[in-house]
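Comments concern the structure below.
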Amino acid sequence: MVYVDPPAWPARGRLWSHLISDVSFEELHAFAEMLGLPRRGFDRDHYDMPAERVPVAVWLGARPVSSREIVRLLHAAGLRRPKHLFSCQRA
């Protein structure tokens, strides 16, 4: 399943959401491609997604959840990649 949190993270004059999968990074990358998100938006274990793409993500099947739930889901799936371990790497 793919999940998205509310747009709450300001950067570059916009608000941003996180897009994750609790299944695999392959599922996440495929979903992000359907949304037209560039691969450079992938950050360790999630995509940073501009607020205006959230309705489309939900329409395509992403489930809206809280930011806290995003972290919980990543941990539960074993897909959480802490920043201190992956600061210079991108998958």
Side-chain angles (χ1 to χ4, degrees):
M1 181 70 151
V2 176
Y3 301 87
V4 62
D5 66 1
W9 311 100
R12 297 184 295 278
R14 304 163 108 172
L15 287 178
W16 297 78
S17 291
H18 298 112
L19 184 73
I20 67 145
S21 167
D22 67 349
V23 174
S24 69
F25 293 124
E26 290 78 18
E27 178 187 52
L28 179 59
H29 293 312
F31 196 91
E33 189 174 320
M34 283 192 313
L35 279 168
L37 298 177
R39 188 65 178 255
R40 71 180 175 273
F42 182 70
D43 185 18
R44 297 181 326 273
D45 53 16
H46 67 276
Y47 274 85
D48 293 321
M49 183 173 65
E52 60 269 14
R53 302 300 295 163
V54 171
V56 177
V58 171
W59 185 80
L60 287 172
R63 182 172 173 219
V65 296
S66 69
S67 298
R68 185 176 298 245
E69 185 69 359
I70 289 279
V71 175
R72 190 196 70 73
L73 287 162
L74 284 171
H75 278 290
L79 296 173
R80 182 70 173 139
R81 291 179 164 177
K83 192 174 212 170
H84 71 277
L85 296 178
F86 293 89
S87 60
C88 297
Q89 298 176 8
R90 290 197 180 231

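- In this structure, R80 and R44 have side chains that are in contact, with non-hydrogen atoms separated by less than 4.5 Å.
- Residue pairs meeting the side chain to side chain donor-acceptor pair (under 3.5 Å) criterion with at least one member in residues 49-65, sequence neighbours excluded: R14-E52.
- In this structure E69 satisfies the salt bridge (charged side-chain N to carboxylate O under 4.0 Å, His left out) test together with R72, sequence neighbours excluded.
- Annotation: side chain of P50 is in contact with side chain of L37 (closest heavy-atom distance under 4.5 Å).
- If you take NE2 on H29 and CE on M34, they are separated by 14.0 Å, rounding to the nearest 0.5 Å.
- Listed by chain and number, the residues in a side-chain hydrogen bond (donor to acceptor under 3.5 Å, both in side chains) with D5 are H18, S67 (sequence neighbours excluded).
- The main-chain N or O of P7 is never found under 3.5 Å from a side-chain atom of W16 such that the two would form a donor-acceptor pair.
- Note: L15 CG to W9 CH2 = 11.0 Å, rounded to the nearest 0.5 Å.
- D45 CG to L79 CG: the interatomic distance, rounded to the nearest 0.5 Å, is 8.0 Å.
- The distance from atom CD1 of I20 to atom CD of E27, rounded to the nearest 0.5 Å, is 9.5 Å.
- V4 is listed as a side-chain neighbour of V58, based on a closest heavy-atom distance under 4.5 Å.
- Contact record, M1 with V23: N-CG2, 3.1 Å, taken as the closest heavy-atom pair.
- Annotation for L19 and L28: closest pair O-CD1, 3.5 Å, computed over non-hydrogen atoms.
- Ring centroid separation for the pair F31 and Y47 does not come in under the 6.0 Å cut-off.
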